[in-house]
Number of protein chains: 2
Amino acid sequence: MTVQPKPRPGKRINDPEGMRKKVLDVAEDAFQARGYHASSIGDLMAAADVSGGALHHHFPTKKALALAVIDERVAAAVEETWIAPVLAAASVREGVRSVFEAVAAELEQQGFVRGCPLNNLAHELSLADPDFRLALAGIFGGWRQAIADKVRADQQAGKDEGTDPERFAALTVAAYSGAMSMAKTAQDAGVLRDCLAGLERSAPSQGGLVARRRNRILPRPRII
Amino acid sequence: MTVQPKPRPGKRINDPEGMRKKVLDVAEDAFQARGYHASSIGDLMAAADVSGGALHHHFPTKKALALAVIDERVAAAVEETWIAPVLAAASVREGVRSVFEAVAAELEQQGFVRGCPLNNLAHELSLADPDFRLALAGIFGGWRQAIADKVRADQQAGKDEGTDPERFAALTVAAYSGAMSMAKTAQDAGVLRDCLAGLERSAPSQGGLVARRRNRILPRPRII
DNA sequence: TGTAAAACAGACCGGTTGTCCTGTTTTGTC
DNA sequence: GACAAAACAGGACAACCGGTCTGTTTTACA
């Protein structure tokens, strides 16, 4: 009994950008919740209320749609959730901690864990197709590089001298990815806090007591 | 032109255990290489050279087959590759390091990365079905607990006093899982060594120079 | 206003999927 | 050897998949 959009027979408004966005929204959500193979384009058409012709006009194949989701949505999610907050933080370790805590808080408030969109798709599609793999690997690489760059910036400011940028970045991304994997499987975000605690104990964080308060830098974490 | 098994018309040997094992072998491999949804039972029948009736007799549904793979194969792989070597090592950190190095070496020699079977299936199936999720969560739990137990055992022997068992276990499993995820996506096992290095820098490893030589404790790493 | 391209609708199709079903052969047991 | 149960063979099937196709409507532009 919801309000129908009144499909007047003789009226139609072409909205290619809106249509494309609607499809990407639905596909992003479906790939995240059910995965690529488990999401049929029929499901997507129904969920987006879009005809087959329209969908095919914007995305000729399912692969093209997934590639668009990866390039435009998954990359943006990593940028929003991780890269921007870390770069904006007072230090890498501050930034990493705030992201872990923000995501954990978001998940706990939400009550369920759907996992990291990048890792979800990476596991399912990396071996399925080289194009998928390259696109996903690029996002991983950008994620790691942003953290490593931040470490180097910190070091030029005299902080965190003893930390290897590449290794710290790799460990951080790996710890987060793996923690999200466990959180999704256990449906419990607590492991994120365990991993963060283990991570913070790491390396020459000279001054384990400073900055005890939590700061809220990031916009709504899109990784849910 | 391979040697045919000579399917004599009037001869057949019932070998239920062998048949079951053959199917599980093929399914384990296919799920690892292509994933659950991308592996049709038709593919499995062909690869295992097994009739539909035979397969259905041992595994009534595809889900039952996957559950058997998880319970009997994935769990065993984690046990073989991780739990047993770590428990047998001189210390947790020794064990963790040897597993990381052994897996990295195996992957580099092999030339390609198919990822961690547990994480592969966990990402694809955790949200698809509660039975899948519980089975996979149990394996993650056992993995973490084994490492935490080893930390406690070390501590009772006077070693590694400052390490929190649960947090160290969570971070170790997460770092490995995430590193394998990146290694699979980048098709490069180098990130495993980066993560290990970051991990070893962590915590009060009193004596960063001891035990520089690598030791070979583990049997052939089944996680490929 | 005329017109061609873009945007969209919806039916259609060949191939695949997982499962079921009927029937045959083997095997353990008395 | 009789016989029931287990083990296996293989065809059948309905549902579904992704993609294509034809046709209609809207829109940009001259």
Side-chain angles (χ1 to χ4, degrees), chain A residues 4-27 30-31 33-69 121 124-125 128-129 131-132, chain B residues 4-27 30-31 33-69 121 124-125 128-129 131-132:
Chain A
Q4 291 209 94
K6 283 245 185 187
R8 295 257 197 80
K11 279 296 159 197
R12 199 185 79 194
I13 324 152
N14 282 2
D15 180 19
E17 294 176 19
M19 174 89 59
R20 194 187 134 91
K21 170 174 159 37
K22 195 161 58 172
V23 172
L24 280 176
D25 285 343
V26 166
F31 291 166
R34 267 157 281 152
Y36 174 80
H37 286 104
S39 302
S40 75
I41 63 173
D43 295 341
L44 303 180
M45 281 166 49
D49 193 33
V50 158
S51 72
L55 195 149
H56 180 260
H57 178 73
H58 291 281
F59 306 101
T61 64
K62 192 183 180 185
K63 172 179 171 178
L65 173 57
L67 240 22
V69 167
L121 289 181
E124 191 178 1
L125 300 180
D129 188 293
D131 297 326
F132 285 146
Chain B
Q4 292 209 92
K6 283 248 185 186
R8 296 259 196 80
K11 277 298 157 194
R12 199 186 78 193
I13 325 151
N14 282 2
D15 180 18
E17 294 177 19
M19 174 89 60
R20 195 187 132 91
K21 169 173 158 41
K22 195 162 57 173
V23 172
L24 280 177
D25 286 342
V26 167
F31 291 165
R34 266 157 281 152
Y36 174 80
H37 287 104
S39 303
S40 75
I41 63 174
D43 295 341
L44 302 180
M45 281 166 49
D49 193 33
V50 158
S51 71
L55 195 149
H56 181 260
H57 178 73
H58 291 281
F59 306 100
T61 64
K62 192 182 181 186
K63 171 180 170 176
L65 173 56
L67 240 20
V69 167
L121 290 181
E124 191 178 0
L125 300 180
D129 188 292
D131 296 327
F132 285 145

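Chain A is the first sequence line, chain B the second, and so forth, proteins listed ahead of strands; every chain is numbered from 1. Note that the structure is a prediction, hence the values are computed from the model and not measured.
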Measure all distances between protein nitrogen or oxygen atoms and nitrogen or oxygen atoms of nucleotides 28-30 of chain D, and list the pairs falling under 3.5 Å.
none

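- Remark: P of dG19(D) and NZ of K63(A) are 11 Å apart, rounded to the nearest angstrom.
- Residues meeting the ring-ring contact (aromatic ring centres under 6.0 Å, His included) test with F132(A), sequence neighbours left out: Y36(A).
- By the side chain to side chain contact (heavy atoms under 4.5 Å, CB included) test, M19(A) is found to be paired with V50(A), A54(A), H58(A), residues two or more places apart in sequence or in another chain being considered.
- Here the CG-CG distance, from D49(B) to L44(B), works out to 13.0 Å after rounding to the nearest 0.5 Å.
- Distance, K62(B) NZ to dT17(C) P: 9 Å, rounded to whole Å.
- Here the options are V69(A), L24(A), I41(A), the test is side chain to side chain contact (heavy atoms under 4.5 Å, CB included), and the partner is F59(A); only L24(A) passes.
- Between the side chain of E124(A) and the backbone N or O of H37(A), at least one donor-acceptor pair lies under 3.5 Å.
- If you take CG on L125(A) and CG on L67(A), they are separated by 9.5 Å, rounding to the nearest 0.5 Å.
- Separating the CE atom in M45(A) from the OG atom in S40(A) is a distance of 9.0 Å, to the nearest 0.5 Å.
- Residues from residues 13-26 of chain A placing a heavy atom under 4.0 Å of any atom in DNA chain C, listed by number, are N14(A), D15(A), P16(A), M19(A).
- If you check residues 33-40 of chain A against DNA chain D, the residues with a heavy atom closer than 4.0 Å are S39(A), S40(A), listed by number.
- Taking atom CG on L55(B) and atom C1' on dG18(C), their separation rounds to 11 Å, with Å as the unit.
- Here H58(B) reaches the OP1 or OP2 of dC8(D): one of its side-chain N or O atoms lies under 4.0 Å away.
- Of all heavy-atom pairs between S39(A) and A30(A), the closest is OG-O, 3.3 Å.
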Can you give me the N/O atom pairs linking the protein to nucleotides 20-23 of chain C at distances under 3.5 Å, or say none if there are none?
none

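- With rounding to whole Å, D49(B) atom CG is found 13 Å from dG10(D) atom C1'.
- Remark: H57(A) is in phosphate contact with dA7(C), judged by side-chain N or O atoms under 4.0 Å from OP1 or OP2.
- Here the C1' atom of nucleotide dG10(C) and the CE atom of M45(A) are 8 Å apart, to the nearest Å.
- D43(B) is listed as a side-chain neighbour of R34(B), based on a closest heavy-atom distance under 4.5 Å.
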